[in-house]
Amino acid sequence: MSTGIGKATGELADSLVRGIREYTDKIQFEVPHREIVIMEVCGTHTVALRKHGIHSLLPPHISLVSGPGCPVCVTPSSYIGNAIDLLRKNDSVLIATFGDMAKVPDERGRTLAGEAGSGRVAVIYSPADLFGLCERSGREVVFLGIGFETTVPTIASMLKAARGAGIRNLSVYCCFKLVPPALKALLRDPACAVDALLLPGHVSAILGLGPYEFIRDLYRIPAVVAGFEGLDLLTAIYMLLRQLAGGTGFIENAYTRVVKEQGNLKAVAIMEEVFAPAESLWRGLGTIPLSGLSLKPEFSDFNAEARFGLPQLTHREPAGCGCFLVIQGRLKPLDCPLFGTRCTPDRPVGPCMVSSEGACAAWFYYGASAV
Amino acid sequence: MCLAVPMRIQKILSADKALVGSKGLTVEADVSLLSNPALGDYVIIHAGYAIETLTGEDAEERIRMAAEVIGDEFAGGNPSDGDNSRHRSRRGTPD
């Protein structure tokens, strides 16, 4: 970053922080001691907020809480157990996964990383890596399909290419999740005490702003799409406070350089060509209609559940683990009795401490202040 | 898992592939999710795929956005009382 850009960023950040404080004062003047709860829906935001120390710049009455936007954190524990059981039962299978998932314990404390000695667990960076893996290994490659709307189009595109290339030893164990249905479930819950939403940046790059209109129409709370740099986050929080102080609640976009109003239509079309919405089980939120994705009949030959007869998903929380509350913004990581003692990134109990974008890991690595 | 980074297209390799680079790093990326990827475009890379084209250089656009949002308050004056009608990224009506 050049000196000019750094100086401009610093000056703007100062102005935004001053504005946030003044808007907060205005809100406090009208309702003394009111706590303002802002939920960052996206796990990547959770990490970015902590990493940039944004929480330390905000007035004490503003509380940042995490949402259900970390794919690993909302995946039911039996999903990992089913993958491990499949690996142990079927010598021809190779499990391919994004890195975070390999470290999450299943209901019996087992992890995919612990199965690495089999030589049949592969951590991949990109769905495109699966082509070479299928060719080199000669095994039945089962890809653990988790992620939100950001990731799903990349997997849909990969599957179209795999079909074109005639790859037959590949299947996907689908546990994808959709953000808007989860937000609907969260906001519908009377226990939800969120005043404003920091909406995900890269999910919105795919979806655009349209799918969030229900937030304005039904709940009238401020919601702003944010980028991931410190200045992005301060800008978005400033916009949320400006709305709260003005008594308004609608959708704004603070990440216009990436997020277009209509989203990425081509990516959505590819996603819809391969996948259809389906009921899905979430850790913490339970079963939500049309909040997941299943392969369309034309792509059903890539369905790992059908190919290997995988059991239906269930979920059971590890004893004492507060992850299910953390991802609903009802418990701060620091308030979990296991945080930093029985549960650490080296010996995680729940997924929020495992994932690189889990709230507990972010608090552990970047400072666990109570804000 | 929604982590994505801005990079610039350095070479179009095929209809679906391009070389993208940032800060001395060059990697191959899949551009099949973009409508019209072109040499010199800034794109957002997620898991080896370009998921969207940026409207300009990342840091400059970030500053432009913040300056636009804070508008009159940029010089350090009092914030307005919730009036953001000038802001172009707004969607829908406030009520």
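In what follows, every chain begins at residue 1, and chains take the letters A, B, ... in the order their sequences are listed. All values below were derived from every heavy atom in this structure, side-chain atoms included, with hydrogens, water molecules and symmetry-related copies excluded.
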Under 4.5 Å between any side-chain heavy atoms of M65(B) and Y255(A), yes or no?
-> no
Heavy-atom proximity to chain B below 4.5 Å, by part of L16(A) = both
Please check if the side chain of N264(A) supplies one atom and the backbone of I51(B) the other of a donor-acceptor pair under 3.5 Å.
-> yes
Pair count under 4.5 Å, heavy atoms only, with chain B: among I124(A), L234(A), V224(A), L231(A), highest is L231(A)
Separation between OG1 of T150(A) and OH of Y49(B), rounded to the nearest 0.5 Å | 14.5 Å
Would you say the side chains of T151(A) and H46(B) form a donor-acceptor pair under 3.5 Å?
-> yes
Rounded to the nearest 0.5 Å, how far apart are OG1 of T235(A) and CZ of R62(B)?
-> 9.5 Å
In short, S126(A) meets A47(B) closest at the heavy-atom pair OG-O, 2.7 Å
To the nearest 0.5 Å, how far apart are NE2 in H202(A) and CD1 in I44(B)?
-> 4.0 Å
With chain B, which of D14(A), I270(A), D232(A) has the greatest number of heavy-atom pairs at distances under 4.5 Å?
-> D232(A)
Measure I63(B) against the heavy atoms of chain A and call it side chain, backbone, both or neither at under 4.5 Å.
-> both
Evaluate side-chain contact (heavy atoms from CB on, under 4.5 Å) for V69(B) paired with R242(A), printing each intermediate quantity in order.
-> CA-CA 10 Å; V69(B) 166; R242(A) 183 169 63 185; 4.0 Å; yes
Largest heavy-atom contact set with chain B, pairs under 4.5 Å, which of P200(A), P127(A), A267(A), C42(A) | P127(A)
Bottom line for M158(A): the part with an atom under 4.5 Å from chain B's heavy atoms is both
What is the distance from atom CD1 of I70(B) to atom CG of L12(A), rounded to the nearest 0.5 Å?
-> 7.0 Å
About how many Å separate NZ of K266(A) and CG of N36(B), when rounded to the nearest 0.5 Å?
-> 8.0 Å
When E149(A), M271(A), E229(A) are compared by non-hydrogen pairs under 4.5 Å with chain B, the top option = E229(A)
Residues 8-31 of chain B vs chain A, non-hydrogen distance cutoff under 4.5 Å, contacting residues -> K17(B), D30(B)
Nearest heavy-atom contact between D58(B) and R257(A) is OD1-NE, 2.6 Å
Is there a donor-acceptor contact under 3.5 Å from the side chain of K260(A) to the main chain of T53(B)?
-> yes
